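One structure is given below, encoded as C-alpha cells.
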Protein chains: 2
Amino acid sequence: MASQSDVAKLANVSFMTVSRVVNGDPRVKPETRERVQRAIEELNYYPNAIARALNRQRAMTIGLILQKLDYVLSEPYISHLIYHIEKALIPHDYDMLILSGEHRNGRDLTLLFKQKKVDGVIILGSQMDDPRIAALSANRNPSVLLHAHSDLPFVSCVDVDNYSIIEYFIDYLTALGHRRIAFIGGDSSVLDAYQRLDAYAACVKKRCLPFEQELVFRGNWSSGSGYEAFLHFNELRPRPSAVIASNDHMAIGFLKAAYEHQVRIPEDISLVGIDDIEMAAFTTPKLTTMRQPMQTIASVAVETLVGAMENRDKPASHIILQAEPVIRDSCGPIPKV
Amino acid sequence: MASQSDVAKLANVSFMTVSRVVNGDPRVKPETRERVQRAIEELNYYPNAIARALNRQRAMTIGLILQKLDYVLSEPYISHLIYHIEKALIPHDYDMLILSGEHRNGRDLTLLFKQKKVDGVIILGSQMDDPRIAALSANRNPSVLLHAHSDLPFVSCVDVDNYSIIEYFIDYLTALGHRRIAFIGGDSSVLDAYQRLDAYAACVKKRCLPFEQELVFRGNWSSGSGYEAFLHFNELRPRPSAVIASNDHMAIGFLKAAYEHQVRIPEDISLVGIDDIEMAAFTTPKLTTMRQPMQTIASVAVETLVGAMENRDKPASHIILQAEPVIRDSCGPIPKV
DNA sequence: CTGTTAGCGCATTCAG
DNA sequence: CTGAATGCGCTAACAG
C-alpha cells in the first residue's frame with residue numbers, strides 16, 4: 001500500500017510536497033503539482049485516514065448512539081432520520097459509527113472520546129436524567145441530543161415543539177366537538193414521551209376537558225402497544241371519542257385493533273398520530289398526523305455537532321423545530337349518541 | 001488527555017511497561033503492574049484507539065454498506081439484522097460504520113480500505129454484478145455479502161436457501177389445491193429477489209403449474225408495491241388463488257389492498273410472505289411466512305468476516321442457511337367456484 | 001522483568 | 001516554493 005513517501009520518490013520530491021498536494025496547499029508550483037498528481041494516480045495512493053487522524057487529533061468520525069438498537073432502528077421514523085443524518089455528514093466528511101447504547105460502552109459514553117474513536121456523538125432517544133449525558137457535558141464532549149432535552153452546559157438539543165403538537169391536536173379535536181380525548185404515551189423513560197404527556201395534561205386542564213388516569217395509556221412506541229391501548233380504551237364507559245397517539249406506529253396498532261373489534265375510525269373514534277411516517281398515508285382510513293421536519297432535524301443536528309466539534313468551548317444550543325399538521329381521514333365530528 | 005508517557009511518569013516506569021500492562025502482557029512484576037494500574041486510574045487513562053490502529057495496521061472497524069440507506073433501514077427485517085450484527089461484533093471488539101452505498105465512496109468501496117478506515121465490510125442487498133464487489137475481491141479486501149451471492153474468490157456470502165423457501169410454499173399451496181399461484185418479486189436488481197423469482201419459475205414448471213408472465217409482479221420490497229401487486233392480480237381472469245410475496249412487507253401491502261377491495265384472505269386468495277417480521281403476527285389474518293434465521297445470519301456473517309480479516313488469504317466461504325416455515329392464518333384451501 | 005530504539009503515515013513548524 | 005526535523009500515541013523487536 002503506497003504511502004506519501006512512495007509517491008514522493010516516484011515524483012522526485014519530498015513527501016512534504018506530496019502532503020501539500022494532497023491537502024490542496026496553494027503554494028506548490030503547478031508543474032510540480034502535476035507531477036505529484038500523476039505519481040499519486042500511478043501508485044493508486046490514498047491518504048491513510050488513521051495516520052491523519054492521529055496527527056490532526058481528529059477521528060473525523062461521529063457516534064450515533066441508539067438506546068435500544070433493535071427496537072429503535074425498526075421505527076420507520078428513526079431509520080429515515082438516520083438516513084438524513086448520514087447524508088448531512090457527507091459534506092463535512094465525517095463517518096458515522098452506530099453504537100447501541102445498551103451494549104458496548106453502555107455505561108460510559110465518554111470512553112468513546114477518551115479512546116479518540118469519535119469527535120462527537122448524536123444521541124437518539126436518550127433516557128431522561130441519564131447520568132452518562134451529564135458525564136459527556138462535564139468532559140465537554142461535543143454531544144447533541146435528538147428528540148430529548150437537557151440543560152447541561154455542553155450538551156445541545158434538537159427537538160420538535162411537543163407542546164405545540166399536542167395543543168394543535170387538542171384544539172383540532174375540540175373544534176370537532178370532542179371532549180373525552182384519550183392519550184397514548186410513548187416509552188415514559190424518554191423525554192419526548194414525557195413532554196407529550198405533559199403537554200396533553202396541561203392542554204386538557206387548560207380547556208377544562210375531562211382528565212382522568214384511565215384516559216392515559218402508557219405505551220412504548222410500538223404498534224403492539226397501540227393495539228393494547230385500544231383494548232384498554234374500548235372498555236371505558238363512557239368511551240373516549242378521540243385518541244391522540246404519541247407516534248404513528250402506535251396509532252396504526254390502534255387502527256388495527258379497532259378494525260378487528262368493529263369500531264369504526266373516524267365514525268366511532270377519531271384518531272391522530274405523530275411523525276407522518278410513510279405508512280400513515282396508506283392506512284385505512286389515512287392517518288391524520290403531524291409531520292416531523294425530519295430532514296431539518298437531521299441537518300440542524302449535524303450542523304450543531306460539527307460546530308461544537310470545531311469549537312469545543314461553544315456553549316450548547318437548544319433548538320426547537322415546529323411540526324406541521326397533515327390532516328387526512330382519521331378524524332371526524334363527535335358521534336351522536 | 002493522559003497518554004502512556006504520563007502514566008509512565010506517575011508510576012515511575014517506562015511507557016513500555018504501561019503498554020504491557022494495558023495489553024495484559026504477563027511478564028510484568030505484579031507489584032509494578034499494580035502501581036501502573038493505580039496510575040492509570042488516577043489519570044483516567046484510556047488507550048488511544050487511533051494510535052493503536054496506526055501501529056497495528058488495523059482500524060478495528062468494519063463497514064456496513066447499505067445500498068439505499070433510507071429505504072433499506074426502514075425494513076424491519078434489516079433493522080433487526082443490523083442489531084444482531086452489532087451485537088455479534090462486540091466480543092470481537094469491532095466497531096461498525098454505517099455507510100450508504102449510494103453516497104460517500106459510492107463508486108469505489110475499496111477506497112474505504114485504501115484509506116484504512118475499515119478492516120472489512122458487510123454488504124447488505126448488493127446489486128447483482130456490482131462491479132464494486134469485483135474490485136473488493138481483486139484487492140482481497142475482506143468482504144461478506146448478506147442475502148446475495150457471488151463467485152468471486154475473496155468475497156464470502158451468507159444467505160438463506162431461497163430455493164427451498166419457494167419450493168416449500170409451492171408444495172404447501174398445491175397441497176391446499178392451488179394451481180394458479182402468483183408471485184410478487186423484490187427489487188429485481190438484487191440477487192435474493194432474482195433467486196426467489198427463479199426458484200418460483202423452476203418449481204412451477206417442475207410441477208406443471210400454469211406459468212404466465214402476468215402471474216409475476218415485479219415489486220421493490222415495499223408494502224406499497226405489495227399493494228400494487230394486488231391491484232394487478234385482482235384484474236386477472238382467472239384470478240390467481242394464491243400469492244407468494246418475496247417478503248412480508250409486500251405481503252402486508254397486499255393484505256391491505258385486498259381488504260380495501262373486499263377480497264378475503266384466505267377465503268378468496270391465499271397469501272404467504274417471507275421474513276417473519278414482527279408485524280406478521282399482528283396482521284389480519286396473521287401472516288403465514290418463512291422465518292429467516294436472523295441471528296444466525298448475523299453471527300455467521302460476523303464470524304466469517306472476522307476470520308477473513310485475521311487471515312487475508314483465506315478463501316471465500318459460501319454459507320446457505322435454512323429458513324423455517326411459520327404457518328399462520330393467511331392460507332386456506334382453494335375456493336370452490 | 002524492564003527499558004531503548006525505531007517506525008506506523010501524516011502534518012506542523014521552521015529553514016532554506 | 002520546497003525540504004528537514006519533529007511529534008501525534010502506540011507497539012514490535014531487541015537489549016539489558
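Lettering of chains follows the sequences in order, A, B, ..., and the numbering in each one begins at 1. Source: prediction; values computed, not measured.
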Counting C-beta onward and ignoring hydrogens, is there a side-chain heavy-atom pair between B:S19 and B:V22 closer than 4.5 Å? no

Could you check how far CG of B:D25 sits from C1' of D:dA13, rounded to whole Å? 13 Å

Is the shortest heavy-atom distance from the side chain of A:L89 to the side chain of A:I62 under 4.5 Å? yes

Solution key, residues 28-37 of chain A side-chain donor-acceptor pairs under 3.5 Å, sequence neighbours excluded:
| from | atom 1 | to | atom 2 | distance (Å) |
| --- | --- | --- | --- | --- |
| A:R33 | NH2 | A:D25 | O | 2.7 |
| A:R35 | NH1 | A:A11 | O | 2.4 |

Integer-rounded Å distance: C:dG3 C1' and B:N12 CG: 13 Å

Please identify each residue that fulfils ring-ring contact (aromatic ring centres under 6.0 Å, His included) with B:H84, with sequence neighbours left out. none

For DNA chain D, find the residues of residues 29-37 of chain B with a heavy-atom distance under 4.0 Å and give them by number; none if there aren't any. none

I want to check something: taking the side chain as every heavy atom from C-beta on, are A:V190 and A:Q67 in contact at a cut-off of under 4.5 Å? no

Under 4.0 Å protein heavy-atom contacts per nucleotide of nucleotides 7-16 of chain C, with B for base, S for backbone only and - for none: BBBBBB----

A:D192: salt bridge (charged side-chain N to carboxylate O under 4.0 Å, His left out) partners, not counting sequence neighbours: A:R196

Holding to salt bridge (charged side-chain N to carboxylate O under 4.0 Å, His left out), I want the full list of residues that pass it with B:R140, two or more places apart in sequence or in another chain. B:D313

Under a 3.5 Å distance rule, please check whether A:T61 uses its side chain to pair with a backbone N or O of A:D95 as donor and acceptor. no

